[in-house]
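Heads up: the structure comes next, in structure tokens.
Proteins get letters first, then strands, A, B, ... in listed order; numbering begins at 1 in each.
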Protein chains: 2
Amino acid sequence: MKKQNVTIYDVAREANVSMATVSRVVNGNQNVKDATKQKVLNIIDKLDYRPNAVARGLASKKSTTVGVIIPNVTNTYFASLARGIDDIATMYKYNIILTNSDGNNQRELTSMNTLQAKQVDGIIFMGNEISEELRSEFKKSRAPVVLAGSVDASGKIPSVNIDYRQAVYSEVTNLINNGNDRIAFVSGPLERSINKDFRLKGYKDALTDAGIPYEKSLLFETDVSYSGGYALRERLQKNEVTAAIVTDDDMAAGVMNSMTDDGISVPGEFELATSNDTKLTEMTRPTMSTITQPLYDVGAVAMRLLTKLMNNEDIEENKVFLPFGLKKRESTK
Amino acid sequence: MKKQNVTIYDVAREANVSMATVSRVVNGNQNVKDATKQKVLNIIDKLDYRPNAVARGLASKKSTTVGVIIPNVTNTYFASLARGIDDIATMYKYNIILTNSDGNNQRELTSMNTLQAKQVDGIIFMGNEISEELRSEFKKSRAPVVLAGSVDASGKIPSVNIDYRQAVYSEVTNLINNGNDRIAFVSGPLERSINKDFRLKGYKDALTDAGIPYEKSLLFETDVSYSGGYALRERLQKNEVTAAIVTDDDMAAGVMNSMTDDGISVPGEFELATSNDTKLTEMTRPTMSTITQPLYDVGAVAMRLLTKLMNNEDIEENKVFLPFGLKKRESTK
DNA sequence: TCTCTTGATGTAACCGATTTCACTTGAATG
DNA sequence: CATTCAAGTGAAATCGGTTACATCAAGAGA
């Protein structure tokens, strides 16, 4: 016995006014006499009227929803961003359509299409790499696009990040100061701009500035996962590394556990620093030193930026960089 | 220079057919001659026409989106369910509107309202407890509601879970067989039905069946978080427990680390079993024994159930229970 | 008193699809 | 050859709002 939905028309009839007037009071338009406003409000309450957002969206061409493309909600790093996004979205009365892409180019494109079909007012994209096709889809989109925690090699898309190069630079310099000269750089695929153009660059720059020769054999490219990190032990040992900078916390936990499981003491014989400051860094033993990033804020600021774009407000700066820090825990000296 | 959107009307004009016909080919209606179908398809392709989902939703009263209420995406347990939900949703051509509630009753109600305003076709709810108000909102909703990984004391709402009582029962029995007779029960708020009516019951039943007296002082109620667990050490030690069953992995990691940090050997002096089999259980040292739950599947099956409900298909069983298991790792003997 | 504004309200077009119903046609049936 | 039927198609109503424009009454200014 689900009752028929109450429409704006029902309210108008019951209140003896036109639909336009009802619409006005619902939308807070000032041009309504207080008396009639009250009358309408009473009827709305009595009938338990709730505006149909779909109809509203069709008429106004605004859906008050934004699309969010995420590699995988299950990944704490991205989930933290997503949480920041949702909170700010809610604050501005938007809802979020969430789609998992697994970083797969084809699925990212599909998502873009369905999101646009659903007339989202804006899109926040998180991903490891932006293909040419995707970039052109962004450009064609009527809905503005903002990148969160994701870099764009072309540098033209609005985005919110930290300065990954500088962050890695600082952390590596720190490891160097601790006396290490064979420092492993452990990352996901180097074909990704964020790894190649920023993090690796920070690593190289730090070595150069310290006068340490760069060795290609100290680069370890692997799956961004616990097992991906765990599997590296043998190669790391063979190359006699005494420290590692790792670009993902799960991966870092894998690297560290594989070492300690083999009886190598951390940080005594092997120092390790990671990058994302997820809560995992406090749960491992030893706890992991890390670059600290305001994950929640990256998402939040990205969403805030998107609201401005959606309102055609002027933007001071297209690319915003949030401050990072270094947190020393037990895995470094 | 964002171009004006192409509408069904444009396609119809260009192809010299009516809107109805275009609609038919777009929706795969059989009653269209092959020749005209091809003609329309060509124009669609030429004009790059993409149906407006909002208009479609208004006309058909189907939005092909479902609402998902989640306490916090940042929580791996719920995020895993969400991933299962999204995958199956995508498979059935639905999108997901995700809202974080923090388990807050008021926000859950607000979410229900906005989701219904957006005309979602169905709703999946994850939460710790269902208030009377919320339950009545579920009942009033035109969109069917399915619970995922969440129990309903009234037992009337369709849901997908594992048998929490039985799972805890098995795990506790296991600890008893290992020689423990002072086993702590560590959970979140006991006012929650899932903790009180199912897990605690499993704990009690196991003790009873083993002839061990139940002691209220062995119940530990705390924040469902790492720090919540970590803070319990003193109380646990004071009560001379030799083992613990913990209802959340983060919490369990907290309990375990607080013990090992104090020099207590696990599992030598203290055994610990946890409940959710998130990847964290493999990242701690020692690794944690756990109840295994098909998290992804709970979400996936819930979504599948929801699709049936949305299609008014007959349901064999309102409440589905997926099989659980026990995984022995290093934290138990 | 008459014109001008301005505030409050209503009328109706419009947003972009789906869907019912009626109509046309050609083939099958008797 | 008349009748029936099914396939293919279009006209128009409809979904539930927003909004441009028209209208009207009342107070302000000359």
Checklist outcome for this item: Among the nucleotides dG10(C), dC15(C), dT18(C), whichever has the atom closest to the side chain of Ala59(A) is dC15(C)
Next on the checklist: Within the 4.0 Å heavy-atom criterion, would you say Asn16(A) contacts the bases, only the backbone, or no part of the nucleic acid?
Outcome noted: sugar-phosphate
Next on the checklist: From CD1 of Ile8(B) over to C1' of dA12(D), roughly how many Å is that when rounded to an integer?
Outcome noted: 14 Å
Next on the checklist: Could you tell me if the side chain of Thr65(B) sits less than 4.5 Å from the side chain of Lys118(B), heavy atoms only?
Outcome noted: no
Checklist entry - Are any of Arg56(A)'s side-chain N or O atoms less than 4.0 Å away from OP1 or OP2 of dG16(D)? => result no
Item to check | Non-hydrogen side-chain atoms of Glu137(B) and Asn113(B) separated by less than 4.5 Å | outcome: yes
Checklist entry - Touch check for Val26(A), heavy atoms < 4.0 angstrom, all strands: base, sugar-phosphate only, or nothing? => result nothing
Item to check | Atom-to-atom span, CZ of Arg13(B) to C1' of dA11(D) - whole angstrom | outcome: 17 Å
Checklist entry - What is the distance from NZ of Lys118(B) to P of dG16(D), rounded to the nearest Å? => result 18 Å
Checklist entry - Which nucleotide in the list dT9(C), dT9(D), dA11(D) gets nearest to the side chain of Ala20(B)? => result dA11(D)
Checklist entry - What pair of heavy atoms forms the shortest contact from Val54(B) to Gln119(A), and how long is it? => result CG2-CG, 3.5 Å
Checklist outcome for this item: Residue pair Gln30(A)/Met19(A) against DNA chain C: nearer the 5' end by closest nucleotide is Gln30(A)
Next on the checklist: dG10(C), OP1 or OP2 - any side-chain N/O from Ser18(A) closer than 4.0 Å?
Outcome noted: yes
Next on the checklist: Strictly below 4.0 Å: does Thr36(B) bring a side-chain N or O up to OP1 or OP2 of dG8(D)?
Outcome noted: no
Next on the checklist: Can you measure Arg142(A) atom CZ to dG16(C) atom C1' for me and round it to whole angstrom units?
Outcome noted: 12 Å
Checklist entry - Do the side-chain N or O atoms of Ser23(A) get closer than 4.0 angstrom to the phosphate oxygens (OP1, OP2) of dT18(D)? => result yes
Next on the checklist: Between Lys37(B) and Asp34(B) (salt bridge meaning N to carboxylate O under 4.0 Å), is one present in this structure?
Outcome noted: no
Item to check | Which residue lies more 5' along DNA chain D, comparing Asn31(B) with Ser60(B) via nearest heavy atoms | outcome: Asn31(B)
Next on the checklist: From C-beta outward on Tyr49(A), which listed nucleotide comes closest to its side chain: dG17(D), dT18(D), dT9(D)?
Outcome noted: dG17(D)
Checklist entry - In whole angstrom, what separates Lys37(B)'s NZ from dT9(D)'s C1'? => result 16 Å
Checklist outcome for this item: Rounding to 0.5 Å, atoms CD (Gln38(A)) and OG1 (Thr36(A)) come to a distance of 9.5 Å
Next on the checklist: From C-beta outward on Thr21(A), which listed nucleotide comes closest to its side chain: dT18(C), dT9(D), dT9(C)?
Outcome noted: dT9(C)
Next on the checklist: Without decimals, in angstroms, what is the distance between Tyr9(A) OH and dT14(D) P?
Outcome noted: 12 Å
Item to check | Closest nucleotide among dT18(C), dT9(C), dG16(D) to the Asn52(A) side chain | outcome: dG16(D)
Checklist outcome for this item: Per atom distances to the Arg24(A) side chain, the nearest of dG16(C), dT19(C), dT9(C) is dT9(C)
Checklist entry - For the side chain of Leu58(A), counting heavy atoms from C-beta on, which of dG16(C), dT18(C), dG17(D) is nearest? => result dG16(C)
Checklist entry - Taking NZ, NE, NH1 and NH2 as the nitrogens, is one of them in Arg83(B) or Asp102(A) under 4.0 Å from a carboxylate oxygen of the other? => result yes
Checklist entry - Hey, does the side chain of Lys61(B) come within less than 4.0 Å of dT19(C)'s phosphate (OP1/OP2), counting only N and O? => result no
Next on the checklist: Once you apply a heavy-atom cut-off of 4.0 Å, does Val54(B) come out as touching a base, just sugar-phosphate, or nothing?
Outcome noted: nothing
Checklist entry - Are any of the side-chain heavy atoms of Asp152(B) and Arg135(B) separated by less than 4.5 Å? => result yes
Checklist entry - Within the structure, does a side-chain N or O atom of Asn5(B) lie under 4.0 Å from either OP1 or OP2 of dG16(C)? => result no
Next on the checklist: Just to be sure I understand the rule, does Asp34(A) reach a base, reach only the sugar-phosphate, or reach nothing, if contact means heavy atoms closer than 4.0 Å?
Outcome noted: nothing
Checklist entry - What's the CG-P distance between Asn29(A) and dG10(C), to the nearest Å? => result 13 Å
Item to check | Length of the line joining Lys33(A):NZ and dC24(D):C1', which is rounded to integer Å | outcome: 12 Å
